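Within every chain, numbering begins at 1; the chains are lettered A, B, ... in the order of the sequence lines, protein sequences first and strands thereafter. A quick note: this is a predicted structure, and the numbers were derived from the prediction, not measured.
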Amino acid sequence: MELIITEKDNAARRIAAILSGDSAEVERRNGVNVYRWGGTRCIGLSGHVVAVDFPSEYSDWRDVEPVELIDADVEKTPTQENIVRTVRLLARDANRVTIATDYDREGELIGKEAYEIVRDVNEDAEIDRVRFSSITEGEVKSAFDDPAEIDFDLAAAGEARQVIDLVWGAALTRFLSLSARQLGDDFISVGRVQTPTLKLIVDREREIEAFDPEAYWEIFADLVKGEESFDAQYYYLDDEGNEAERVWDEERAEAVYGALQEASEAGVESVSRRTRTDDPPAPFNTTQFIRAASSIGYSAKRAMSIAEDLYTAGYITYPRTDNTVYPEDLDPRELLGAFTGNRTFGEDAETLLEREEISPTEGDEETTDHPPIHPTEELPTKGELSDAEWEVYELVVRRFFATVADPARWEHLKVVLGVGEHRLKANGKRLVEPGYHAVYPYFSTNENFVPAVEEGESLAITEVRIEDKETQPPRRYGQSRLIETMEGMGIGTKSTRHNTIEKLYDRGYIENDPPRPTKLATAVVEAGEEYADRVVSEAMTAQLEDDMHAIATGEKDLDEVAGESREMLERVFDDLMESREEIGDHIQKSLKADKTLGPCPESGHDLLIRRSRRGSYFVGCDGYPDCEYTLPLPNTGKPLILDETCEEHDLRHVKMLAGRGTFVHGCPQCKADEADAEKDRIIGVCPNCGAEHDGELAIKQLRNGSRLVGCTRYPDCEYSLPLPRRGEIEITDEHCEEHGLPELLVHSGDEPWELGCPICNYREYQERENDSGTDLESLEGVGAKTAEKLAAAGVESVTDLKNAEAEMVADEVEGISEERVRKWQAKAG
DNA sequence: GCAAGGTC
């Protein structure tokens, strides 16, 4: 029997299909897919199915000094039992095994792991290795026709990384966690990739904090040529002879402004035109895909998760790749052909196919791992995908289109004008040849209009403006910029960079989006900078890459490299151990600072965000148990402390992070006071949640001025009843027999009027609404926009529509035909 | 309960 082992199930399925001519059948063994045809079996792993770790006697953090981990053994244990068992089972009967894992360093290591599992149960089978960089018939068949051997040196390079990362990461993580007494879920992590990434964010925050804004002025003039007006900006030549727009001296700025205001015209001194070619973008690798997806509003995590789903469904190629050069066997014409006739993409594909020559763009990175991300020839329909999936799919399709499309051409027009000794300039740009922009609408194609003027012409100045501005601090990294920067620094991989950022959120190192570092993050980076500079800088990765290269080429071996690294860590620990308490104190202080809101009104200690034993958050005093002052926080979400501070109570505002349900809670003291005030106006039990959660109904005044009867447990309970906008509301002693609520009296105008029980009042209102007809949007084909248009024409309900003249409605409502109105009328009965 | 790297 012949056994083929791939890196993942998806690859196993496709390789089986190619090699068997689509005749392979799938069977489940131990819950794992095994593809079989003739005497061949093919199984996919799930990446690494074994992991490195310390022996179990090192697992209790309190029993082991972190420094002991440096020289502890490192062993491999199966993490995917079912898969390992199934491979063993199949390997026993194999006389030939082919390792077909991904064609990159980690794939070589995963292949070696498979090799070891096989060898464990079968000493005789011949074990080959095949390499291909895309799963296409040509590549796969030729690889299997000419198999090679596992590159054990390359795999050993990967193992060196595993060992070094584990030893450094675990030893330093445990050291910091123990010295700050942060055990359990709140441990303080350090690692070769996560800590330099965190330092990027912390450094940027340091720059922002240290930033000293400088004032400058910019001066603009509106000019007119015939009917057309345009904007020009004052500039001068700086000391180095470069054009500068920012005027740093206020007096000078005012002088120029004054002089321009005096003038009524400007003379055209020069006109220059040039055309610029705007080349289409390179194919997507993971980083560039994440960047593009983030520009249309997807977080790195979301974009990757959608891409993985599209890949699993077979609509796009593997989303984790470094490659930006299409493989030779990708025929763009053939792939474009798959899109002809498609509702969304057909026209664009056909236009692209009309050209004689199609030559895709190429990026700088050509690797063997996988092809750049592109759509496959299998197209989904819009209905098969969620809106978000479709949006991301369309992005991938259009990026492919862009890479085979023509360059765009811009025409730039620069006009320099003179007003006495002063110069103005206007830069116009126009897209003369849309090229790839026609199929890839994700880049800006904004034009800037400047009319055709000629040298020597005089133009009227209609308005002069001066704007006072300030230099801005550098901006925080967004997630996709972070990922790009990590790639540039050489840290992390295509598969892990977005996870690293998620990890920083999980560990309480960063908050918000774009991410902002916590005090804890700053303290951890500071500790790293002082005692273990290697682990906070990309230098550790750079050195590791060099060492791995040396192992892969046979110049060094794994033990040598790991030994050197362990020695370096020993020296780090020499310093660390002496400062244990100092480091621990500093981290503990920063942890407290991250939770501090401001002074306690009763004892003057700090008020902190705390968590009850049941897991809910509240505000408590640091002076507890001497001071028992507390304030409540909402039950939904995780609190985030904002920079904004309440002037009255000197407390920081709080935001509750709950995904889409995120909201700003504000000052917890103000909120508690408001809730107290509400108590006076409680009118009864909440019919929605009263029985279960003791919610009560109260008369509430909202920020926007409107009022309602709402549940005291809002936003957990959203039960509400409307109240009139005007008038004082009096709660009477009479109670509604049905609902038990007091009857309300509204004082507005001369005579108070009886609103009665607010529930009965609302019921009556709803009944009146129902009488006036049913909601138009209940009709198929009528959306919110259409309903709005119809309402503007006096058709406010289904009843109205039934009674209306179709012809008149069609006349009055733009974009709606008589025929459509008749169809709706028919549906309405 | 530590890392980073695969994959889901």
J.: Base, sugar-phosphate, or nothing: which does V167(A) touch, judged by heavy atoms less than 4.0 Å apart?
T.: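 Touches nothing.
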J.: Give a yes/no answer on whether the side chain of R105(A) brings an N or O atom under 4.0 Å of OP1 or OP2 in dG6(B).
T.: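 Negative; the distance criterion is not met.
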J.: Once you round it to whole Å, what is the distance between P of dA3(B) and NE2 of H48(A)?
T.: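 In whole Å, dA3(B) P lies 16 Å from H48(A) NE2.
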J.: Rounded to the nearest 0.5 Å, how far does CG of N323(A) lie from NE2 of H374(A)?
T.: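 Those atoms lie 10.0 Å apart.
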J.: Verify the contact: side-chain N or O of T496(A) to OP1 or OP2 of dG5(B), cut-off strictly under 4.0 Å; return yes or no.
T.: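 It does, given that an N or O in the side chain of T496(A) lies less than 4.0 Å from OP1 or OP2 of dG5(B).
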J.: Whole-Å distance between dA3(B) C1' and Y58(A) OH?
T.: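 Rounded to whole Å, this separation is 18 Å.
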J.: Please determine, for the side chain of L183(A), which listed nucleotide (dG5(B), dT7(B), dG1(B)) has the closest atom?
T.: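 Shortest atom-to-atom distance from the side chain points to dG1(B).
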J.: Does one side chain, of T287(A) or E487(A), offer a donor that lies under 3.5 Å from an acceptor on the other?
T.: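 Side chains of T287(A) and E487(A): pair found under 3.5 Å.
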J.: Verify the stacking flag for F187(A) against dG1(B): centroid separation must be under 5.5 angstrom and the ring planes must differ by under 30 degrees.
T.: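 No, F187(A) does not stack on the base of dG1(B).
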J.: Examine the side chains of E538(A) and T541(A) and answer whether a donor and an acceptor come within less than 3.5 Å of each other.
T.: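 No, no side-chain donor-acceptor pair sits under 3.5 Å.
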J.: Give a yes/no on whether any side-chain N or O of Q194(A) is located under 4.0 angstrom from OP1 or OP2 of dA4(B).
T.: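 Checking dA4(B) against Q194(A), a side-chain N or O does come within under 4.0 Å of OP1 or OP2.
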J.: Identify whether any heavy atom of R192(A) sits under 4.0 Å from a base atom; if not, whether one sits that close to sugar-phosphate; answer base, sugar-phosphate or nothing.
T.: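 Here R192(A) touches the backbone only, sparing every base.
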J.: Does K503(A) have a side-chain nitrogen or oxygen under 4.0 Å from the phosphate oxygens OP1 or OP2 of dA4(B)?
T.: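 It does, given that an N or O in the side chain of K503(A) lies less than 4.0 Å from OP1 or OP2 of dA4(B).
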J.: Is the phosphate of dC8(B) approached by T312(A) (side-chain N or O, under 4.0 Å from OP1 or OP2)?
T.: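 Indeed not, no polar side-chain atom of T312(A) lies that close.
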J.: Heavy atoms only, 4.0 Å cut-off, all strands: where does G107(A) land among base, sugar-phosphate and nothing?
T.: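 The answer is nothing, as G107(A) stays clear of every strand by at least 4.0 Å.
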J.: If only side-chain N and O atoms count, and only distance matters, is there a donor-acceptor pair under 3.5 Å linking T197(A) with R497(A)?
T.: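 No, T197(A) and R497(A) have no side-chain donor paired with an acceptor closer than 3.5 Å.
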J.: Could you check whether the side chain of D53(A) and the base of dC2(B) have a donor-acceptor pair of N or O atoms closer than 3.5 Å, going by distance alone?
T.: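 Side chain to base: pair present.
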J.: Would you please confirm or rule out a distance under 4.0 Å between OP1 or OP2 of dT7(B) and any side-chain N or O of S495(A)?
T.: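 Yes, within the criterion.
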J.: Nearest whole angstrom, please: distance from the C1' of dG6(B) to the CD of E159(A).
T.: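 It is 14 Å, rounded to the nearest whole Å.
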J.: Given that G169(A) and G47(A) both sit by DNA chain B, which one's nearest nucleotide is further toward the 5' end?
T.: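 By nearest-heavy-atom nucleotide position, the 5'-most residue is G169(A).
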J.: Using a 4.0 Å heavy-atom cut-off across all strands, classify W168(A) as base, sugar-phosphate, or nothing.
T.: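 Result for W168(A) = nothing.
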J.: I want to confirm an ordering. Mapping D60(A) and P196(A) to their closest nucleotides on DNA chain B, which one lands closer to the 5' end?
T.: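 Counting from the 5' end, the first nearest nucleotide belongs to D60(A).
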J.: Of all the choices, dC8(B), dA4(B), dC2(B), which nucleotide is nearest to the side chain of R320(A) once you look at every atom?
T.: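 Nearest to the side chain of R320(A) among the choices is dC8(B).
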J.: For dA3(B) and R507(A) - does any side-chain N or O of the residue sit under 4.0 Å from the phosphate oxygens OP1/OP2?
T.: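 Indeed, a polar side-chain atom of R507(A) lies that close.
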J.: When K494(A) is tested against each of T367(A), N285(A), D104(A) for side chain to side chain donor-acceptor pair (under 3.5 Å), which residue passes?
T.: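 It is D104(A); the other options fail the test.
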J.: When the aromatic ring centroids of Y115(A) and F152(A) are compared, is their separation below 6.0 Å?
T.: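 Yes, they do, as the ring centres are separated by less than 6.0 Å.
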J.: Indicate, with a heavy-atom threshold strictly under 4.0 Å, whether E7(A) touches base, sugar-phosphate, or nothing.
T.: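 E7(A): backbone/sugar contact only, no base atoms under 4.0 Å.
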J.: Just to be sure I understand the rule, does T500(A) reach a base, reach only the sugar-phosphate, or reach nothing, if contact means heavy atoms closer than 4.0 Å?
T.: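 Nothing, no heavy atom under 4.0 Å.
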J.: Output the rounded distance in Å from CD (E68(A)) to P (dC2(B)).
T.: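 In whole Å, dC2(B) P and E68(A) CD are 20 Å from each other.
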J.: Measure CG/N499(A) against C1'/dA3(B) and give the value in whole Å, please.
T.: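 Whole-Å distance recorded here is 13 Å.
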J.: Please report the distance, rounded to the nearest Å, between CD in Q162(A) and P in dA4(B).
T.: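 The answer, rounded to whole Å, is 13 Å.
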J.: Nearest whole angstrom, please: distance from the P of dC8(B) to the CD of Q80(A).
T.: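 My rounded result for the distance is 10 Å.
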J.: Given atom CD1 of I83(A) and atom P of dC8(B), what is their separation to the nearest angstrom?
T.: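 Those two atoms, CD1 and P, are 9 Å apart.
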J.: Check this for me: does the side-chain of S46(A) come within 3.5 Å of the base of dC8(B) through a donor and an acceptor?
T.: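 Looking at the base of dC8(B), it does pair with a donor or acceptor on the side chain of S46(A) (distance under 3.5 Å).
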J.: For E384(A) and Y315(A), which I'm curious about, is there any donor-acceptor pair between the side chains at under 3.5 Å?
T.: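 Judged by distance alone, the side chains do pair up.
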J.: Does a nitrogen or oxygen in the side chain of S189(A) sit under 4.0 Å from OP1 or OP2 of dA3(B)?
T.: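 Yes.
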